[in-house]
Amino acid sequence: MDDLVRQLRAIAGARHVLTGSRATARFCAGFRFGQGPVLAVVRPGGLVEQWRALKACHAAGAAIIMQAANTGLTGGSTPDGDDYGRKVVIINCMRMKAIHVLPGAAQVVCLPGATLFQLEKLLRPLGREPHSVIGSSCLGASVAGGICNNSGGALIRRGPAFSQLAVYAQVNEGNELELVNHIGLRLGDEPEEVLARLEAGHFIPDEIEHPVDRAASDPDYATHVRDISAPTPARFNADPRRLFEASGSAGKLALFAVRLDSFASDENTAVFYIGSNNADELTQLRRHILGSFKNLPVAGEYIHRDAFDLAARYGKDMFLAIEKLGTDRLPALFALKARFDSFASRLSFLPRDFSDRLMQAASHLFPEHLPRRMRAYRDRFAHHLLLKMSGDGIAEARDWLARQYPSATGDFFECTTEEGSKAFLHRFAVAGAAVRYRAMHRDTVQDIVALDIALRRDDTAWEEHLPADISTPISLKLYYGHFFCHVFHQDYIVAKGHDPVAIEHRMWELLDARGAEYPAEHNVGHLYKAKPALAAHYRALDPCNCFNPGIGGTSKRVCWS
């Protein structure tokens, strides 16, 4: 395998091929879960370099893990243990960030390192938006990662990340590495020619095809989510409707580029902040808006009071960083934090999670960051719903809400622009706050059980009530999510001395009995067992099991042995 490392250094340059546990540490551990040793991490600087690195790894018989931003919560883009039966190489794609806007700006072509932040910034002056904006759990996520995991998002009308137009490499049944161009661009026949032209992005009109049998987003989701009588969830990772080549592939092939639709920006929006002490009241609101409103909401985000409180204290520094510095600088800040953590880990006199402790202490130096009306609703109500409407939907929502509230158990107010922005930003700080809480309380916290679940569209009992044998070992329960899609993030802080895995498996039994699907957005990674349709998708894409072996609890061995 020393020969493979030499080949990779010749391809990508020595400084972009990392070996040894210290140099590779930040690439080999997931955001929340999963880690394992690797032979090397290679960071190609171009698509041709990526192709050559793939060829070298495949020829050497190495297991290949494709990685972008590594922001997933289930360990899906890192190794899991050391039982692969062969060496593992991570190919990290974050140096390849180019985005090409196709004529008219209705579609874009994203290389594998392009981020949602980058795409949003590029499209904003053009009056367009990407499929998703700030994610609810991770900041800095890549566009390609979203497609490969059929990730969700907060925007109700657009559904999960999905495209049938991509350029990717896969290993076929004959154990041959081949390049597949299904992106709808005529770029030649030889792999390196295709990839060089794809990276350059100089597409003439005659080269751009518009296949009628392939889509660059989910065209049916707005209708699908409105079906409130359906006994199935609106969206979840293993939904067979959205498993297509790169979409839902979870790294079982090597993605070089994906073509996506963009969407017209909403010029006029308003945010309504709704509080209630009655879960049934919000159930009726959801069913009425989805079933009867002419205009679908832009977004509808739920947060429970306990999650509100945790984010207010332990997500404050992230809130302020985004608000004051903007999302563009966050990837650099995350990279700086990772380097600092790596350095601090070598100094035995520093406490564990030193950077988190520093940032938490610094957050107390800043004044109250949440608007007064939000804090007042926190005191009055257990359930909080942020309803964002656009265009004619603003008056539709305003009039209907004014007829419903105040009620015996709820009320609402229409946010100022600043309040609306801060409300959504606070909601997005919750997941990171749970991780921070764990870092600050390792003496009393065993770990986090993090579930993202998709309830049936017809399920009216969305508020969870756990039996005592599950609830007792849990010190904090955090509920938040995408309310109208019926997708909830549920984080449980497990007290010291209890088994988080056993608790999680008991919760799965309860979810199965309810007809829920999980994971809804974060994909199986190495935490969940892939259900039959998803496992079959993986095997069809990668019959020799060369890419991301073991994902979804599948075999890590060659040819699935």
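- Side-chain contact check for Ser265 and Arg128: no donor-acceptor pair (N or O, by modelled atom type) lies under 3.5 Å.
- Sorted by first and then second residue, the pairs that involve residues 461-470 and meet salt bridge (charged side-chain N to carboxylate O under 4.0 Å, His left out), not counting sequence neighbours, are Asp469-Arg506.
- Under the 4.0 Å criterion applied to side-chain N and carboxylate O atoms, Arg373 and Glu419 are assigned as salt-bridge partners.
- Taking the ring centroids of Tyr479 and Phe488, they lie at or beyond the 6.0 Å cut-off.
- In summary, the aromatic rings of Phe263 and His131 are positioned with their centroids too far apart to meet the 6.0 Å limit.
- Ser217 and Asp261 share a donor-acceptor pair across their side chains, judged by distance under 3.5 Å alone.
- The closest side-chain donor-acceptor pair between Glu281 and Ser407 falls under 3.5 angstrom.
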Test salt bridge (charged side-chain N to carboxylate O under 4.0 Å, His left out) on Arg124 and Glu129 and set out the steps.
CA-CA 6 Å; Arg124 189 179 299 124; Glu129 291 180 343; over 6 Å; no
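- With ring centers used as reference points, Phe428 lies 6.0 Å or more from Phe319.
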When you look at Arg436 and Asp317, which way does the salt bridge (charged side-chain N to carboxylate O under 4.0 Å, His left out) test go after all the steps?
CA-CA 10 Å; Arg436 173 65 55 77; Asp317 59 307; 3.0 Å; yes
Could you go step by step and tell me if Phe293 and Met389 meet the side chain to side chain contact (heavy atoms under 4.5 Å, CB included) rule?
CA-CA 11 Å; Phe293 266 33; Met389 304 295 298; 4.2 Å; yes
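- No side-chain N or O of His288 forms a donor-acceptor pair with one of Gln404 less than 3.5 Å apart.
- Side-chain contact of Asp227 with Ser229: a donor-acceptor pair under 3.5 Å is present, judged by distance alone.
- Residues Ile493 and Arg438 form no side-chain contact, since every pair of their non-hydrogen atoms from C-beta on lies 4.5 Å or further apart.
- Side-chain atoms of Thr232 and Arg456, non-hydrogen and from C-beta on, never get closer than 4.5 Å to each other.
- Within a 6.0 Å radius of CD in Glu368, other residues, nucleotides and ligands contribute more than 12 heavy atoms.
- Applying the side chain to side chain donor-acceptor pair (under 3.5 Å) test to every pair with at least one member in residues 141-156, sequence neighbours left out, gives these pairs: Asn149-Asn523.
- The closest side-chain heavy-atom distance from Val143 to Pro130 is not below 4.5 Å.
- Aromatic rings of Tyr377 and His384 (six-membered ring for Trp) have centroids beyond the 6.0 Å cut-off, not under it.
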Glu323 vs Lys422, test: salt bridge (charged side-chain N to carboxylate O under 4.0 Å, His left out). Steps then yes/no.
CA-CA 8 Å; Glu323 183 183 48; Lys422 290 192 175 208; 3.4 Å; yes
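- Considering only residues two or more places apart in sequence or on other chains, His304 meets the ring-ring contact (aromatic ring centres under 6.0 Å, His included) condition with His383.
- The 12-atom threshold is not exceeded at CG of Asp392, counting heavy atoms of other residues, nucleotides or ligands nearer than 6.0 Å.
- Here the NZ-CD distance, from Lys294 to Glu396, works out to 8.0 Å after rounding to the nearest 0.5 Å.
- For the atom pair CG of Leu320 and CD1 of Ile322, the computed distance is 9.5 Å after rounding to the nearest 0.5 Å.
- Arg427 has its side chain out of reach of Phe308: every pair of non-hydrogen atoms, C-beta onward, lies at least 4.5 Å apart.
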Begin from the C-alpha positions of Tyr405 and Ile274 and carry the test side chain to side chain contact (heavy atoms under 4.5 Å, CB included) through to its verdict.
CA-CA 9 Å; Tyr405 296 103; Ile274 301 156; 3.8 Å; yes
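- Side chains of Asn237 and Tyr528: a donor-acceptor N/O pair is absent below 3.5 angstrom, by distance only.
- You'll find the side chain of Pro297 reaches within 4.5 Å of the side chain of Ile289, heavy atoms only.
- Counting only heavy atoms from C-beta outward, the side chains of Arg235 and Arg242 approach each other to under 4.5 Å.
- A side-chain donor-acceptor contact under 3.5 Å links Ser471 and Lys477.
- Of the candidates Leu102, Val101, Leu260, Gln107 forms a side-chain contact (heavy atoms from CB on, under 4.5 Å) with just one, namely Leu102.
- Enclosure of atom NZ in Lys496 by more than 12 non-hydrogen atoms of other residues, nucleotides or ligands within 6.0 angstrom is indicated.
- A heavy-atom distance below 4.5 Å is found between the side chains of Tyr518 and Asp512.
- Side-chain contact between Trp462 and Tyr302 is present, with at least one heavy-atom pair separated by less than 4.5 Å.
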Are Gln490 and Asp452 close enough, and set up right, to give a side chain to side chain contact (heavy atoms under 4.5 Å, CB included), and what steps lead you there?
CA-CA 6 Å; Gln490 302 181 174; Asp452 60 299; over 6 Å; no
Quick one, Arg378 with Asp309, criterion salt bridge (charged side-chain N to carboxylate O under 4.0 Å, His left out). Give me CA distance, side-chain angles, the key distance, then yes/no.
CA-CA 8 Å; Arg378 179 263 165 227; Asp309 289 347; 2.7 Å; yes
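- A side-chain donor-acceptor contact under 3.5 Å links Asn70 and Ser77.
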